[in-house]
Amino acid sequence: MKQANKITGAEIVIKALIEQGVDTVFGYPGGAILPIYDELFQQKKIKHILVRHEQAATHAAEGYARSTGKIGVVFVTSGPGATNSVTGLTDALMDSVPIVVISGQVPTFMIGNDAFQEADTVGITRPCTKHNWLVKDTEKLAATIHKAFEVAGGGRPGPVLVDVPKDVQFASGHYTKKKDVDTTFIKKEPAIDLNMLDEVIDRLELAERPIVYSGGGVINSGQSAVHSLRNLVAGTNFPITSTLLGLGSYPASGKNWLGMLGMHGTYEANMSMHGCDFMLCVGARFDDRITGRIDAFSPDSYKVHIDIDPSSVNKNITVDAPLIGDVSNVLNSLNKRWKERGSKVNQKKLSAWWQSINDWKKVKSLSYESSSNVIKPQYAIERLEELTKPYNRFVSTEVGQHQMWAAQFMGFEEPNRWMTSGGLGTMGYGFPASIGIQIAHPKSLVINVAGEASWLMNMQELGTAVQYRLPVKQFILNNERLGMVRQWQELLHGERYSHSWSDALPDFVKLAEAYGIKGIRCESPDKLDDSIREMIEYPGPVIFDCLVEKHENCFPMIPSGKAHNEMILGEQTEENSISDDGAVLV
Amino acid sequence: MSLNLKKGVSKQSAYNLRDPNLDYEAAHTLSIIVDNESGVLARVIGLFSGRGYNIDSLTVAEVDPNGHKSRITIVTTGTPKVVNQIKAQLNRMVPVHEVIDLTLKGKAVQRELAIFKVVGNGNHRVESLRLADVFRAKVVDSTLKSFTFELTGTSEKIDAFAELMVPLGLKEIARTGIVALLRGDNSN
């Protein structure tokens, strides 16, 4: 019997989500989460998207979160439901994406007894979440969910998980409002170090060869950070490059843009990083894909690191000036102080620096050999870019060569338009992410640039796309290979192509037809434009099977263990061969 | 196009590319105030094992029952860079309230408690008792053939006592690991 003011745990979950402003949940029901699904059924405020695999629910939530700046929410059941969410949680942790996973658990009195569909969910997900909770008392359920949202979205964002045993969902308890939750657990952001800020501006004013290197933290910090970054670049006329996750924070059409940096970054971006004397790292973390060989990374520069997470500072690269705080706050203070001091830069030296950069640009590191017989994957992406750019467009990718080509050949003018798995490199990310993006932006053109191998990893989501009439465009660069694996085997393993091709690919057009959606196959360059237009104009989901050159390699490339100024631009020579030290690196 | 690589994998790791001067390792005693909640120790330990940090000693117990706070004392060894990483990573955890590096903060009192079971006859037995007296170890249990000693002190003192007891019939030791607090009237 219900007591006054008490509601069931399942009702508390739904009520707390509504109070948090959640409008969409991605999930998959099962025994241990049935009471919550029962409540979900009896309300209209939260829309539930039934995925076909829990991993896809987490990636869809990531796509939703990244394209909106909101927090993605996932429901999974106990045991396999929870374990299937582990890849998505880890992906979100690596790329700082805020998602809240609510998992069902066997009833408290059965925990530890190897019950049906029992798994130690908090134990398994401890290292792949910012924090997780097992809620054993219905009275604490509402507060825990509010805390979960606070932790997921606060500071450096990331995934959290709340494990709710079935008896806790059935039992009654009081609801706690968000405003009544004890917030002493929230980590306080330290005040900006003003002395350090002035020292940084001293260096900025004198810099002869400056560069701004921005990352996903700018996008996570929000529009104000993006605005401040653009103001800083416009005001100083410094060149800017960005990580894979930072694309869009500075517009690709902007005059100071050097393209992406890192392993498959442009020549001008990497040479500028190597040769600079002042590096302003904004919301990025000196990942190994970015730095190349650590002891040869940007040897002569004064390095400034703006990051909200103190553990990112001096982790891989020792920096001269850490500025800890939210990117938006730090950049605002930096801009303000720099203006107060007269908005000075070392104009004369800066012009000379731009001259060198413009010479590097002439190398045209993204050029490739074109072909009139076979579709070059780079060409396919270039045409896709050209034909889709006028649209209100969102792009996700899978992981591999196609991902790098998309990053190289597509230009993003705004943040939150480009969703890709960077840190974890999760094949199978893109398709479910495109579903999450399309749910958040029903009227927009959502394209998943894929390789056929990655795409097959979560192809079951065709069901989700069809069920919710999501017109997601699956643009598959089909080389019948694991392209990036093949490339590494060619460069590093004596051209022994161990298990890097698939002998049993489906007919993608027939696969589309089996789901009642459109399939398009294109194998000749002269038909590519028309086929892409057909894809864009078709009002439903499309699988675009783009048969491309099978042995194309992705260049430029900084081989493992090499420095930024040791890039391979295409043709191989002896001196850019990979050393034994490099060969052990991933 | 081939890169003329030797077959097989090098034994060299990526870390060998680092500046050797950064590799000066030292022991640090960290005092960590955490919420006493289920799984908190696993979180802290998981951080150390997951990121490849060392644990030389570990103690944990609740120290503030009203506030549900525990103090974890960890002795770890690493380069200054690694120790800074450890502290930053610990500080990131939700149930962690404070991380104090006692090694950097100044002088700290560090103590360990150990229990020794020494079995022997005749002179050995007498000698073990005499040494226990020198070390101010207490006899907490005794039979006609054995003594069980309790000893509190620095880890070095306990090591020294253990070494002396070996030829006198040391059978078993239990040690608590280090607990430590800063000296002086400041809390932390």
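Convention: sequence-line order gives letters A, B, ...; per-chain numbering from 1.
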Query raised in the report: So which of B/E37, B/Q85, B/R43 has the largest heavy-atom pair count under 4.5 angstrom toward chain A?
Result: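 Answer, by heavy-atom pair count under 4.5 Å with chain A: B/R43.
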**Report entry** Under 3.5 Å: donor-acceptor pair, side chain of B/E172, backbone of B/I115
**Finding:**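 No, B/E172 side chain to B/I115 backbone: no donor-acceptor pair under 3.5 Å.
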Query - Carboxylate-amine/guanidinium proximity below 4.0 Å for B/E62 and B/K69 - result: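 Looking at B/K69 together with B/E62, the answer is no, because their closest N to O distance does not fall below 4.0 Å.
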Query raised in the report: Does some side-chain heavy atom of A/T183 sit less than 4.5 Å from a side-chain heavy atom of A/E150?
Result: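 Not touching, per the 4.5 Å side-chain cut-off.
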Query - Top contributor to chain B contacts, counting heavy-atom pairs under 4.5 Å, from A/D309, A/V122, A/D288 - result: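 With the most close heavy-atom pairs to chain B, the winner is A/D309.
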Query raised in the report: If you draw the axis of the six-membered ring of B/F135, does the NZ or CZ of B/K157 fall within 45° of it and under 6.0 Å from the ring centre?
Result: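 Output no; distance or angle outside limits.
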Query - Portion of B/N91 that has a non-hydrogen atom of chain A nearer than 4.5 angstrom - result: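 Only the backbone of B/N91 comes within 4.5 Å of chain A.
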